[in-house]
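Note that these values count all heavy atoms, side chains included, but never hydrogens, waters or copies made by symmetry. In what follows, chains are A, B, ... by sequence order, proteins preceding strands, each numbered from 1. Values in this document were obtained by computation on a predicted structure and should not be read as measured data.
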Amino acid sequence: MAEIAQIIVDVPTMQTNQPYTYQVPEEWQHQIQRGMRVTVPFGNGSRKVQGFVVGLDEQSNYDGELKKIDSLMELTPVLNEELLDLSKWMANETFAFQITCMHTMLPNLLKAKTTKYLKLVDEVNETDFDELFHGLEEIEFIPESMPKETVSRLLKLKKEQKVEITYHVQNRAKPKTAVGISPLMSFEQFEEQRSTLTAQAKAQNKLLSYLQSIIGQTIKLSDARTNSKISNATFTIGEQKGWLKKLPIEVYRTPIELQKNSNREKELTLNTEQADAVSSITDAIDQKQNKTFLLEGVTGSGKTEVYLQSIQNALNHNQTAIMLVPEISLTPQIVSRVEKRFGKDVAVMHSGLSNGEKYDEWRRIERGEAHVVVGARSAIFAPLKNIGLIILDEEHETSYKQDETPRYHAREVAKWRAKYHNAPLVLGSATPSLESRARAQKNVYQQLMLTHRINKRPMPSVSVVDMREELKHHTESNFSTQLLEEVQTRISRGEQTILMLNRRGYSSFIMCRDCGFVLQCPNCDISLTLHMDTHTMKCHYCGHEEPIPDICPNCHSHQIRYYGTGTQKVETELQEKIPEARILRMDVDTTRRKGMHEKILRQFGHHDADILLGTQMIAKGLDYPNVTLVGVLNADTGLGLPDFRASEHTFQLLTQVSGRAGRADKPGQVIIQTYNPDHYAIQLAKHHNFEKFFEIEMQLRHRGNYPPYYYTTQITVSHPEEKMAAKTIFSIGKFLQDGLGQECVILGPTPRSIARVNRRYFYQIVIKYKHSNKLHELLTELMQRSQKLTKNKIQISIDPDPQYFI
DNA sequence: AGCACGCCGACT
DNA sequence: GTCGGCGTGCTC
């Protein structure tokens, strides 16, 4: 009986979002497994695409002629049964194509590249042969990078059947290799060889002894050289004499940090609360209980130690563990701490790795050589088997939600995998998301509390400065008198300061004082931002860039000035006010180059600067004992945003940045500058009172029917013409309204607050609901229909549980 | 996606 | 007349 395979092809469209049936060639009968990558012919001609085997059958229910699988790309599956199931669930949950989900779960190098070749099959005239084929039988065919005329001449030859297009799917997933050596003789034979050597041939004698010690093994040549202190030349002689053979061996492109893991760190002593937390988690691991814990602990309460010891307990049960950390706080500090504890058993996955390194880390996990995975969002897809524990640190972080398709939330994927493995999930945070905290309240999650800072360190004292009052006393400035004085005190005491600029919804722009003209992006409805380092005006949405004008393009006045607050402007002002201060600036501009992020942090850690000035990215995970002052320059720019999570985000940010002050033995101080000193988010952050904040915010959410009382889904439509976008969103609105009736609340349609981005107009609808069965059905239908609309240049995106509403 | 097929305008 | 523009439909 011939074998049949169900294959998801690598063509991300709605129509092809289903398995296609192929014949398994004779020679691979019963060799092919689910989850393998293959190439298959797809469509007319001999076009080839990559695909994933998702099913194997004895017979097909497709009644056309079946094509055959073309080739296998690996000998083992790249997706195991669990991840195959997960991809299906995720596609359904996020309204994405299954193939897109599969690629999201795998390292980039497993995404194949297809190439086309033109092959001569008949005589062509000499001019064509020389000019088009440069005297070759076969050339690569890249129509988009060839002159139009060349392409049409080639296509004409194809029509005349003088050339043929062949397709090739390139497998980019190539392990790196190094030269290895392997002894070719037995111990006795080597002894015989030794007797043929002259007394001076010391090096060769040494080589023989070395080879005798590694019989049956293959050793990397570079390792062999360092271990044996034998030169390369001698190994070459050994090869010539037939003592050893050189052969390529696979090596891992391992990130540097991993290689030096000699001094292992011991477990720290736990306080009572930590010990209780670890034992609750460990009990769940023991009993294979799929339970979710909310580990709520103030900054500095030792959550990481709880994670590490819980992971150790999972390892003790021969199980594996995943620990997710937000990308932004995936600092060398955290990574090295985990590596010092678990050594080579750890694989690290973050955006700083090259594609090759990511692939190799992935393979180490897949082969079971690493049992602990630490990484950012996508590490939740690590191909670990037998997972005993999953941890999400800083579980409230919005970066756990991917903001492009598939719009998955790592927390939801974590829940799914934890359930699959009957394993506990630990969500940790000082300021949990309201969703998680509410579930803990209702005992859906088990709450674990860490209320003490370790070493009995006091919480930093927080003062709120009313910037409205400041304005009455001196000219406009980003710095209050109090903040400046405190900064100066730190410098004189040899202590350090972190200053944070809350950049969300804020930046510097150019305005003409005479006519009020503001320089706008030609593609987007947003003002351009001034960048002093490159001396250009940039659009933060589409990347458009132009020179800074010195006369107003509108009224030709020279009175054109910049307004607003950017980190550069703040830095300049600070340097003027405190000339002796050594300032390090950290923002998108100074950290764009790879490794700059780490470099700046290292400099600050070495006390090469007194002040670290930056945006949100400095709020998280930094731990410098010498920092005793934290200043937030503008606490409330986020509060004014039309987003129901604005207060929550502000509270979280202030709490987090406050935690940076006063570690070790020196007490910390925090200064929050604001125009809304009485706002509850600011007042409660000042008093470190999450519980009260939770209470107030829950009331507001309840009144507004917002999460966690209701679920939300956002639908966005865009089109180059505003009318088309509006028309489409209104018809979608009507479609949903008709289908849903009273069970859901539909907000909108409204234009998005930045209505035009990249020459496209954006309109949106937000749906609030308690029960989603019908909605899910309707949205799936909408997805299917949207394929037709796409051809009209309409783009539709469905975002379940969106994190931002602006 | 990427390819073929088919229908319209503007050139050798 | 034909070449080539793109709108439409299909891929086991």
Side-chain angles (χ1 to χ4, degrees), chain A residues 1-26 28 32 34 36-72 91 96-104 108 110-119 128 140-161 163-170 172 404-406 719-721 724 783-796:
Chain A
M1 193 67 182
E3 212 181 0
I4 297 297
Q6 303 291 337
I7 289 167
I8 298 272
V9 292
D10 190 2
V11 182
T13 63
M14 197 67 230
Q15 300 102 303
T16 51
N17 189 28
Q18 47 154 351
Y20 283 81
T21 318
Y22 284 85
Q23 283 182 61
V24 176
E26 207 50 46
W28 296 328
I32 289 189
R34 266 162 53 91
M36 276 184 171
R37 281 199 305 160
V38 294
T39 65
V40 291
F42 192 67
N44 296 325
S46 53
R47 186 185 164 208
K48 274 173 203 136
V49 297
Q50 181 182 286
F52 291 90
V53 178
V54 294
L56 292 161
D57 275 309
E58 288 295 307
Q59 59 196 34
S60 81
N61 47 6
Y62 177 75
D63 40 79
E65 184 123 353
L66 295 182
K67 292 183 180 175
K68 266 189 191 164
I69 291 176
D70 189 68
S71 72
L72 301 185
F97 308 127
Q98 198 179 347
I99 188 70
T100 318
C101 295
M102 289 168 148
H103 280 308
T104 304
N108 275 336
L110 295 186
K111 204 184 275 175
K113 210 180 119 194
T114 49
T115 37
K116 287 177 272 187
Y117 294 91
L118 287 173
K119 202 166 127 196
D128 283 348
E140 201 179 331
F141 186 39
I142 316 163
E144 54 278 12
S145 70
M146 287 169 153
K148 264 194 176 168
E149 192 243 340
T150 314
V151 174
S152 71
R153 277 169 72 188
L154 286 167
L155 288 175
K156 204 168 150 199
L157 289 176
K158 193 196 153 236
K159 230 177 213 170
E160 293 165 8
Q161 302 196 320
V163 301
E164 200 168 74
I165 301 188
T166 55
Y167 296 79
H168 187 70
V169 178
Q170 244 172 44
R172 299 190 296 144
E404 54 193 56
T405 47
H719 192 272
E721 283 168 56
M724 279 301 290
M783 266 275 284
Q784 263 136 27
R785 289 214 219 155
S786 76
Q787 186 71 28
K788 281 209 168 65
L789 295 168
T790 309
K791 294 213 168 99
N792 272 322
K793 293 184 192 158
I794 293 254
Q795 283 173 10
I796 298 182

Check: Q6(A) and T21(A) side chains under 4.5 Å, non-hydrogen atoms: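 The answer is yes, as the side chains (C-beta and beyond) meet within the 4.5 Å cut-off.
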Close side-chain approach of L118(A) and E164(A), heavy atoms under 4.5 Å: no
Donor-acceptor contact present, side-chain Q50(A) to main-chain T39(A), <3.5 Å: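 A pair under 3.5 Å: no.
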Under 3.5 Å: donor-acceptor pair, side chain of K148(A), backbone of P143(A): no
Using a heavy-atom cut-off of 4.0 Å across all strands, would you classify [X] as base, sugar-phosphate, or nothing?
X      : result
Y22(A) : sugar-phosphate
P41(A) : sugar-phosphate
E65(A) : sugar-phosphate

Separation of [N] [atom2] from [X] [atom1] (nearest whole Å):
X       : N       : atom1 : atom2 : value
F97(A)  : dT11(C) : CZ    : P     : 17 Å
K148(A) : dG4(C)  : NZ    : P     : 10 Å
I165(A) : dC3(B)  : CD1   : P     : 6 Å
I99(A)  : dG2(B)  : CD1   : C1'   : 16 Å
L66(A)  : dC12(C) : CG    : C1'   : 6 Å
Q98(A)  : dA1(B)  : CD    : P     : 18 Å

Are any protein N/O atoms closer than 3.5 Å to N/O atoms in nucleotides 4-12 of chain B? If there are, list each pair with its distance.
unit_1: dA4(B); atom_1: OP1; unit_2: K158(A); atom_2: NZ; d: 3.2

Aromatic ring of F42(A) stacked on base six-ring of dT11(C), 5.5 Å, 30°: yes
Stacking check Y20(A) vs dC12(C) (5.5 Å / 30 deg): no
Y167(A) side chain near dC3(B) phosphate (N/O to OP1/OP2, under 4.0 Å): yes
Short side-chain N/O contact from K116(A) to OP1 or OP2 of dC3(B), under 4.0 Å: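 Result: yes.
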Neighbour count >12 (heavy atoms, 6.0 Å) for atom NZ, K156(A): no
Near-ring test Y117(A)/Y167(A), centroid separation under 6.0 angstrom: no
Secondary structure string for DNA chain B (Watson-Crick or G-U under 3.5 angstrom, | for other-strand pairs): |||||||||||.
